[in-house]
Amino acid sequence: MKIIVLNGSPKGDTSVTIHSVKYLQKKFPSHEFEILNIAKRIKGIERRPATFDGIIADITAADGVLWAFPLYLLLVPARLKRFIELIYERGAQAAFAGKYTAAISTSIHFCDHIAHRYIQGICDDLDMKFTASFSADMMDLIDECERERLTQFGSFFLEAIQHQHPSLKRFQPLEWQDFDYQPGEGLHSIEVGDKKVLVITDAHPEDNNLRRMVDRFRTSFVSDIEVANLNDLKIVSSCIGCLQCGYDNECAFSGRDDYNAFYRDKVLKADVLIFAGRMTDRHLSALWKTYFDRSFFMGHFPSLIGKQLGFIISGPLSSNGNLREFFESYAGWQHVNIIGFVTDELENSQEIDLQLQELARRGIEFARSGYVQPATFLGVGAHKVFRDDVWGRLRTVFQADHRAYKESGWYDFPMWDVPTHLMAAMGSVGMNIPVIREQIQEMLQHGVSFRHRKIVEKA
Ligand SMILES: Cc1cc2nc3c(=O)[nH]c(=O)nc-3n(C[C@H](O)[C@H](O)[C@H](O)COP(=O)(O)O)c2cc1C
C-alpha cells in the first residue's frame with residue numbers, strides 16, 4: 001500500500017517528527033511511505049499551482065494519508081494550516097474524501113490534544129476515514145517501549161486500510177450563518193485614561209462582520225484606540241523552529257520584517273489586547289497562526305502576564321469548543337485575564353453592539369483594578385509542564401527562559417519548599433504511629449480549613 005505523509009514540520013527532513021515516520025518505513029517495508037515536505041515548501045506550493053496539483057494527485061492515488069506535524073503554539077504550524085486552507089480555496093476536497101487517515105505528532109505535550117482534535121476535525125470535514133492519533137513526546141523515539149507503541153500504531157493504521165475497518169467520526173460539520181451585522185452608533189462613553197488598548201485583526205475588506213465589529217468596539221471609547229491589521233505588517237515568514245531565540249529572545253527574522261518590533265513595541269505595551277479574527281476552517285486564519293507561532297521568540301515564559309485579553313470572532317465559535325479551548329489555554333499559559341468573547345453568532349446587531357460595549361468596559365475596568373482571574377488547570381498545568389522542561393532538558397537551548405524563571409521565582413518545585421517538605425516528612429512518620437494517626441484523622445474530621453478560619457476571623 002502507498003501512504004502519503006504530509007510533513008507539517010518547517011524543518012523538513014531534519015524534523016524530529018518525521019523520524020518516527022522513517023522508523024515506520026523500516027518497520028513496514030512492504031508498504032511505501034512517501035514523505036511530502038508540505039510545511040517546508042509551502043511558499044512554492046502556494047505560488048506554483050502545478051506543485052499543489054501534483055500533491056493532490058499523489059493523495060488521490062494513495063491508499064492512506066498520514067498527517068505528521070510538530071506542535072507549534074498549541075496547534076499545527078502555520079505553514080500546515082496554510083496548506084489546509086489551500087485545500088478548500090482550490091477546491092481539492094474530493095482527493096481526501098473517503099481516504100483512510102491518521103495523525104502523528106511530536107511535542108512536549110503542551111496542548112497536543114488541541115492540535116490533534118483540530119486535525120481530526122479537518123479530516124472529518126473532508127469526509128476522510130480517521131483511524132488514530134499518535135501524540136509522542138519529542139524524545140519518545142529514543143525509548144524502546146515507546147518505539148513498540150509506535151509500531152502498534154503503525155500496524156493499527158495499516159490494518160484499518162487493509163481490512164477497510166469503519167472509522168469513528170468525532171466532529172459534526174460547523175454551521176456557518178449568513179447574518180449581516182449592522183452596527184448602531186458607537187457610544188463613545190468609555191474613558192481609556194492611561195490604559196492602552198490594542199486590537200489586532202486580520203480583517204480583509206470583504207470580512208464585513210469582523211470589520212464592523214472591530215469598528216463598533218473602537219467607537220465604545222471616548223478617544224481613539226489602536227487597531228493593527230496583520231495584513232499591513234511585513235512578515236517574511238512564519239516560525240521555522242530554528243530556536244535561535246532560545247538564548248536571548250532575539251528572533252532570526254528580527255530586523256528583516258515588522259513582527260518582532262510590533263510585538264515588543266505594541267503588544268507588550270498594551271494593557272488591553274483584543275484578538276479579532278474570522279474563523280477559517282476550524283481555527284483563525286494561517287496569518288493569525290503565524291502571529292502566534294512567531295511569538296515563540298519570547299520563549300516559554302509568559303510575556304503577557306497581567307494583561308486583559310478579549311476576543312472578537314466572526315464565525316461559529318460556540319460549536320467549535322476546540323478553538324475556544326485554544327484561546328483559553330493560551331490565556332492560561334500567559335497568565336492574562338479573559339474579559340470575554342463576542343461573536344456574530346447572535347444574529348442580532350443590537351445585542352452584538354451591547355456585548356462589544358461591555359467588552360470595552362470590562363477591559364478598562366479590569367486593567368484599572370489589575371484583576372486577573374485565578375488560573376484553572378489550563379494555567380496551572382502549563383506552568384508545571386514548562387517549569388519542569390525549562391529547568392531540565394530545554395535549559396541548554398532556552399537560556400533566556402531559564403534566566404526569566406530564576407529571576408521571577410517561577411522555579412517553585414515542591415521539593416524546594418523546605419517547611420512543607422519538613423512537615424510532610426514529620427507527618428509521614430507520625431502517620432505510622434497509631435496515636436498520632438488518630439489525632440491527625442480527628443483533625444481532618446473538622447476539615448483542613450484551620451488556617452482559613454483564622455484568616456476569616458482576622459479579616
Ligand atoms: C515555534 C515552536 C512552538 C512550539 N510549541 C509547542 C507547543 O505549543 N506545545 C508543545 O508541546 N511543544 C511545542 N513545541 C515543541 C515542538 O513541538 C517539538 O520540539 C517537536 O518535537 C518539534 O518537531 P519537529 O522537529 O518535527 O519540527 C514548539 C516548538 C517550536 C519551535
Side-chain angles (χ1 to χ4, degrees), residues 72-75 110-111 114 190 192-202 214 217 220-221 225-228 230 249 259-260 262-277 283-284 288-289 291-313 317 321-343 355-356 358-387 390 400-401 404-405 407-410 412:
Y72 268 24
L73 265 288
L74 308 83
L75 205 82
F110 171 59
C111 292
I114 296 180
I190 297 166
V192 172
D194 61 348
K195 300 299 169 201
K196 283 203 175 75
V197 182
L198 172 66
V199 180
I200 307 175
T201 179
D202 65 342
V214 168
F217 176 78
S220 307
F221 299 96
I225 56 157
E226 187 155 14
V227 177
L230 294 174
N249 298 133
Y259 183 87
N260 302 85
F262 171 72
Y263 199 88
R264 286 189 198 280
D265 299 343
K266 302 287 183 192
V267 179
L268 293 184
K269 290 184 181 158
D271 302 288
V272 181
L273 279 168
I274 304 293
F275 290 176
H283 202 78
L284 299 183
W288 252 116
K289 189 63 189 28
Y291 168 89
F292 285 114
D293 289 5
R294 284 286 299 273
S295 71
F296 188 72
F297 82 100
M298 294 302 296
H300 301 85
F301 190 83
S303 54
L304 306 179
I305 297 174
K307 295 189 190 301
Q308 305 298 324
L309 179 61
F311 297 87
I312 298 176
I313 305 293
L317 181 65
N322 198 44
L323 178 55
R324 176 109 184 193
E325 188 163 333
F326 172 94
F327 293 140
E328 290 174 346
S329 303
Y330 176 79
W333 161 41
Q334 288 292 329
H335 290 244
V336 298
N337 190 44
I338 295 188
I339 51 176
F341 295 81
V342 179
T343 77
Q355 296 208 354
L356 290 167
E358 172 60 8
L359 195 70
R361 191 194 67 77
R362 287 186 193 185
I364 296 300
E365 180 172 326
F366 289 141
R368 283 202 187 111
S369 67
Y371 177 70
V372 174
Q373 65 234 130
T376 65
F377 169 74
L378 300 175
V380 176
H383 171 65
K384 288 181 197 276
V385 168
F386 290 136
R387 179 197 64 186
V390 170
D401 281 339
Y405 272 75
E407 281 160 19
S408 54
W410 275 36
D412 53 356

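In this text the structure is predicted, and so the values were computed from the model without any measurement.
Interatomic distance, CD1 of Ile312 versus CZ of Phe275, reported as 12.0 Å (0.5 Å rounding). Separating the CG atom in Leu359 from the CD atom in Gln308 is a distance of 10.5 Å, to the nearest 0.5 Å. Within the model, atoms OG1 of Thr376 and CD of Glu328 stand 7.5 Å from one another, a figure rounded to the nearest 0.5 Å. Summarising the geometry, atom CD1 belonging to Ile364 is positioned 10.0 Å from atom OG belonging to Ser220; distances are rounded to the nearest 0.5 Å. Between the CE atom in Met298 and the CG atom in Leu268 there is a gap of 5.0 Å [rounded to 0.5 Å]. Here Ile200 contributes atom CD1 and Lys266 contributes atom NZ; the two are 11.0 Å apart, rounded to the nearest 0.5 Å.
Aromatic ring pairs are classed by plane angle as parallel below 30°, tilted from 30° to 60° and perpendicular above 60°; the pair Phe221 and Phe217 is perpendicular. In this pair, His335 and Trp410 present their aromatic rings tilted. The plane angle is within the 30 to 60° band. Using bins of under 30°, 30° to 60° and over 60° for the plane-to-plane angle, the ring pair Phe327/Phe341 lands in the tilted bin.
In this structure, the side chain of Gln373 engages the main chain of Ile338 through a donor-acceptor pair within 3.5 Å. Looking only at distances, no side-chain donor or acceptor of Asp202 sits under 3.5 Å from a matching main-chain atom of Trp288. In terms of modelled atom types and a separation under 3.5 Å, the side chain of Lys289 and the main chain of Tyr72 share a donor-acceptor contact. Checked by atom type and distance alone, the side chain of Gln334 pairs as donor or acceptor with a backbone atom of Leu304 at under 3.5 Å. With Tyr291 contributing its side chain and Tyr259 its backbone, the two residues share no donor-acceptor pair below 3.5 Å. Looking at Lys307, its side chain does come within 3.5 Å of a backbone N or O of Ala270 through a donor-acceptor pair.
For residues 362-371, the side-chain hydrogen bond (donor to acceptor under 3.5 Å, both in side chains) pairs, not counting sequence neighbours, are Glu358-Arg362, Arg361-Glu365.
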- Any chance you could lay out the side chain to side chain contact (heavy atoms under 4.5 Å, CB included) test for Leu309 and Tyr330, step after step, and finish with the verdict? CA-CA 10 Å; Leu309 179 61; Tyr330 176 79; 4.3 Å; yes

- Task: Show the numbers, then the answer: is there a side chain to side chain contact (heavy atoms under 4.5 Å, CB included) between Phe262 and Val267?
- Result: CA-CA 7 Å; Phe262 171 72; Val267 179; 3.7 Å; yes

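Here the closest non-hydrogen pair linking Asp271 and Ala367 is CB-CB, 4.3 Å.
Listed by chain and residue number, Phe301 satisfy the side chain to side chain contact (heavy atoms under 4.5 Å, CB included) test with Ala404 (two or more places apart in sequence, or in another chain). Under the side chain to side chain donor-acceptor pair (under 3.5 Å) criterion, Tyr263 pairs with Ser303, sequence neighbours left out.
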